[in-house]
Amino acid sequence: MRSKVTKAIFPVAGLGTRFLPATKSVPKEIMTLVDRPLVQYAIDEARAAGIKEFIFVTSRGKGALEDYFDNAPQLEQELRRKGKDELLDILRNTNMDSGEVAYMRQHKPLGLGHAVWCARRLIANEPFAVILPDDVIAADKPCLAQMVEAFEETQSNIVAAMEVPEDKASAYGVLDIKEDMGQIVSTKGMVEKPARGEAPSNLAVIGRYILTPTVLQKLNKKKAGAGGEIQLTDAIADAREEAGEEVYGFRFSGQRFDCGSKAGFLQATVAFALARDELREDLMNFLNDTVYAQKAAQ
Ligand code: UTP
């Protein structure tokens with residue numbers, strides 16, 4: 001029988017140190033691109049892919065994130081009273097149904113693999129998606145929906161992948177390619193944060209995964225890898241090596257922004273603002289003038 005992917009894990013327990021001091025009190029995932037928090041983009045993408053259960057792995061200090069998914073009856077009432085129907089609709093679209101969202105706590109930031117493992121009891125024996133909200137992907141067809149379609153064919157582990165320059169590969173998990181079939185590649189392994197010059201390819205894993213429960217079993221070992229953290233990519237590589245499961249890389253269509261970094265976050269802000277009719281013209285003028293002034297000053 002073919003399995004369907006209906007659950008997604010959102011690991012949001014990281015410290016977000018690259019955004020200090022902001023992340024001292026604001027969870028990174030609540031920071032906004034234009035007017036929507038990063039986590040809303042992730043939720044919308046998951047929904048578009050058919051996800052029905054949303055599992056957040058959180059940590060100390062992420063209360064604002066849990067609050068974000070609560071209904072806001074007072075605010076709704078006020079908007080209704082003032083006849084602000086458009087805003088009311090926007091607000092209602094962020095509401096989660098009761099029982100649709102679950103929170104698990106990661107007590108120590110031991111790594112992405114460990115965060116995913118913390119959600120194991122809510123997954124049981126079925127394939128599941130993992131979405132890192134700080135990777136934001138602008139695409140006509142949302143990235144996870146593209147991957148779910150591919151999973152319907154392969155019924156095995158799929159990781160989103162993109163080409164990166166050689167000098168950037170050591171910041172990612174990198175695929176060791178067995179066969180390149182175009183959009184999909186089969187792999188014979190993957191290396192997390194390879195040393196410079198030792199990356200097996202230029203195809204890097206980014207924050208979207210569809211995984212089998214075998215990966216959760218492999219995470220039971222809780223073995224620390226690169227950077228002393230329990231790495232998700234190591235467990236995926238083990239599912240291939242030790243359990244003989246296929247692991248595919250998936251070249252998604254779309255533009256990925258690394259919103260875990262300041263430069264990526266700023267680029268995403270500009271790109272998403274330029275995609276909005278009400279903001280485009282003013283922002284274009286501002287950007288043109290600013291770039292012109294910068295160039296003139298050089
Ligand atoms: P990052 O590598 O971006 O780490 O984690 P971070 O802590 O969020 O940010 P920096 O590097 O300190 O600025 C990638 C994803 O894995 C989650 C993060 O929340 C983010 O979504 N993560 C990481 C956890 O949930 N737990 C961890 O122990 C580590």
Side-chain angles (χ1 to χ4, degrees), residues 8-33 37-43 45-46 54-66 68-69 101-120 122-123 128-137 143-144 159-162 164 168-174 190-194 204-209 211 215-216 219 221-236 256-268:
I9 301 176
F10 301 80
V12 291
L15 299 174
T17 53
R18 281 170 290 172
F19 279 97
L20 282 170
T23 43
K24 206 171 133 193
S25 65
V26 182
K28 176 171 66 174
E29 303 74 18
I30 284 290
M31 297 195 329
T32 56
L33 288 181
L38 292 183
V39 72
Q40 187 65 51
Y41 290 90
I43 289 281
E45 185 179 329
F54 303 80
I55 303 162
F56 286 85
V57 181
T58 68
S59 59
R60 190 187 305 271
K62 301 271 177 170
L65 192 71
E66 301 190 14
Y68 177 77
F69 291 116
V101 55
Y103 303 99
M104 293 300 285
R105 221 32 175 199
Q106 186 191 26
H107 292 108
K108 281 187 191 161
L110 295 178
L112 174 60
H114 181 261
V116 169
W117 178 81
C118 288
R120 67 200 177 282
L122 296 176
I123 296 294
F128 59 97
V130 177
I131 296 189
L132 307 190
D134 44 12
D135 270 339
V136 177
I137 300 168
C143 178
L144 192 67
V159 299
M162 63 180 243
V164 294
K168 296 273 186 322
S170 54
Y172 294 88
V174 179
M190 59 178 82
V191 187
E192 185 62 40
K193 301 194 173 54
V205 179
I206 61 115
R208 302 288 182 278
Y209 310 75
L211 302 174
V215 174
L216 292 176
L219 283 168
K221 287 194 269 183
K222 291 199 254 107
K223 205 175 57 194
E229 296 198 339
I230 297 169
Q231 298 288 354
L232 183 58
T233 42
D234 289 346
I236 300 171
R256 173 253 187 183
F257 296 95
D258 174 10
C259 291
S261 77
K262 281 178 265 219
F265 194 92
L266 289 169
Q267 286 159 16

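Because the structure is predicted, anything quoted here is derived from the model rather than measured. Just follow the structure's listing: the first ligand is 1, and inside any ligand the first atom is 1.
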Derivation and outcome, salt bridge (charged side-chain N to carboxylate O under 4.0 Å, His left out), residues Lys28 and Asp134: CA-CA 8 Å; Lys28 176 171 66 174; Asp134 44 12; 2.6 Å; yes

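- Summarising the local packing, CZ of Arg60 is surrounded by 12 or fewer heavy atoms from other residues, nucleotides or ligands at distances under 6.0 Å.
- Between Tyr103 and Phe69, the angle of the ring planes lies from 30° to 60°, which puts this pair in the tilted group.
- The side-chain heavy atoms of Arg18 and Ser261, taken from C-beta on, include a pair separated by under 4.5 Å.
- Side-chain atoms of His114 and Gln106 form a donor-acceptor pair, as typed in the model, at a separation below 3.5 Å.
- Looking at Gln40 and Tyr68, their side chains do bring a donor and an acceptor atom within 3.5 Å of each other.
- Every protein residue with a heavy atom nearer than 4.0 Å to ligand 1 is included here: Pro11, Val12, Ala13, Gly14, Leu15, Gly16, Thr17, Arg18, Lys28, Glu29, Gln106, Pro109, Leu110, Gly111, Leu112, Ala115, Asp134.
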